[in-house]
Amino acid sequence: MNILLLDDDPLMLRVLSAQLRSLGLDSPLLCERGEDALALLAGAEPIELVFCDLQMPEMDGVEFVRNLVKLSRAPALVFVSGEDERVLQSVQRLARAHRLDVLGTLHKPVSQAMLRDVLESHHSFARDITLTDMKPVYSTEDLRRGMASGELVNHYQPKVALETGRVDGVETLVRWQHPRDGLVYPDRFISVAEESDLIDRLTSVVLAGALSQARRWRDDGIELNVAVNVSMGNLASLDFPDMVSEAIAAAGIPATCLVLEVTESRLMSDVRMPLDILTRLRLKRVDLSIDDFGMGFSSLSQLRDLPFNELKVDRGFVHGSATDPSLQALVQNSLRLAGQLGMRTVAEGIEDRADWNFLAAAGCDLGQGYFISKPMPGEAMADWMDKWHSRALELGLESR
Amino acid sequence: MKRVFDMSVLIEYVGNDILIRRRLLADYLQATSGTHAELRAAISGGDYGLVAAIAHKLKSSSRLVGALPLADLCADLEAVGLAGNVAGFASRLEPFETTLDATRSEISAALQNSLPA
């Protein structure tokens, strides 16, 4: 990944450079002047991410962003700001109006923790960098306390029909509103739960939250399917199907509104295939989705024997598939395989219009990704759906 | 006497790597070696925008290395430069220069004593 750093202070450039290196992002391009940065951005080498100080005395930040949007390949931006919030706000408005992806705003100097959080918040970087060394290590007790204090919150990312733009459902993504570290993403605590006895309780909390949110949406006239991720630990528990049934009954919604997602690679790497548990869940009319498909090397014969009725193509194969023939072949093969098995298909990681167009033309049923929406709290969904309806019309989709 | 340099700030930003910290502090000393002359030339030449630019750049560097009293004086000087407040320079230049000298001395001492090459 190519990264450009723009700051009039060479020392700041050196520090940011060292911090990025410690996060596994090497050799950024360094610029002290806006015009040099623009020349590099307009060059042949694509640059994906720019950290820019937009309040340098000798550079007009608004003008810089205006020039950025004229480029054929606009990078994602992180604003490194000074004190003048008005300048920052006008630059952010301009960036939003031109659909520039603004990852966040940092105040100088930038701490490693802030930098890590901004990078982690952008999901396309999650697969490119290893942040293990930087992450705080949470103990089982931390997580137990957080769960007992109600610090786990659900966010929801919409899934949309690619042919019509209709909002079909959501994937539930758990976050930890940590009192010290702010919003913590699941990759930093799910493994703690999985390696302890907390995974059943965590899944139960997330499931109950998602189903009661689905109930509230229904009460407001919004019918959405909700997907919840489950771990292999859950599927090893004989009580799990009954726990799911009870949660559905408590929320008072049809079982057909629930989708349980299981990651393909974990499923395939576990010799104790929980076929009986999966079958019992399907008999209860809960949908089962095989997540991150393509990373676990399932064969047609393996998939045929499992009771899944949805296949989610891994994001790593989706973004960029419009222009990459090898990704196109992988996506088309996955969709063909799912079609042969009568499964519904979902493409994860739709990040731009080209991804959408390719997946829609390839016959994928549903799409999910930052081009459609980032995950959001449940109460924001109704407003988002109104806005999505207008945007889908603007994009030439028949949202209905 | 009030401390003008706090190493823990730089550790917070770049971690405990002594080589990186040495390099950054050496860069800071080099970057500030001509600041007195540059600033005085900009003031006497009436180039208040340049005064603001010098102060702006030094402000962020100073915050970064933990020279926080100097960073505050830079912020003040930057505001005066941006406002073109000629009278404001006279009262601010001496404390600025004194603090800059003290900061540079402490950083040099830290490089020699606590951050061996």
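Every chain is numbered from 1 and lettered A, B, ... according to where its sequence line falls, protein lines coming before strand lines.
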May I ask you to check whether over 12 heavy atoms, not counting those of Glu63(A), lie within 6.0 Å of atom CD?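 Result for CD/Glu63(A): enclosed.
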
Which atom pair, heavy atoms only, marks the closest approach of Lys57(B) to Asp8(A)?
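In this case the closest contact between Lys57(B) and Asp8(A) is CE-O, 3.1 Å.
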
Smallest heavy-atom separation, Leu11(A) atom then Leu64(B) atom, equals O-CD2, 3.8 Å

- Message: Would the distance check show the side chain of Gln19(A) and the main-chain N or O of Val14(B) forming a donor-acceptor pair, the cut-off being under 3.5 Å?
- Response: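 Judged by distance alone, no pair lies under 3.5 Å.
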
Applying a strict 4.5 Å limit to non-hydrogen atoms, the region of Val65(B) in contact with chain A is side chain

Distance-only criterion, 3.5 Å: show the donor-acceptor pairs between side-chain atoms of residues 28-35 of chain A and protein atoms not counting sequence neighbours.
from, atom 1, to, atom 2, distance (Å)
Arg33(A), NE, Asp36(A), OD2, 3.2
Arg33(A), NH2, Asp36(A), OD1, 3.1

Between the NZ atom in Lys59(B) and the CG atom in Asp9(A), the distance rounded to the nearest 0.5 Å is 11.0 Å

Interatomic distance, CG@Leu16(A) vs OH@Tyr13(B), rounded to 0.5 Å, equals 11.5 Å

Pair count under 4.5 Å, heavy atoms only, with chain A: among Val9(B), Leu10(B), Leu58(B), Leu24(B), highest is Leu24(B)

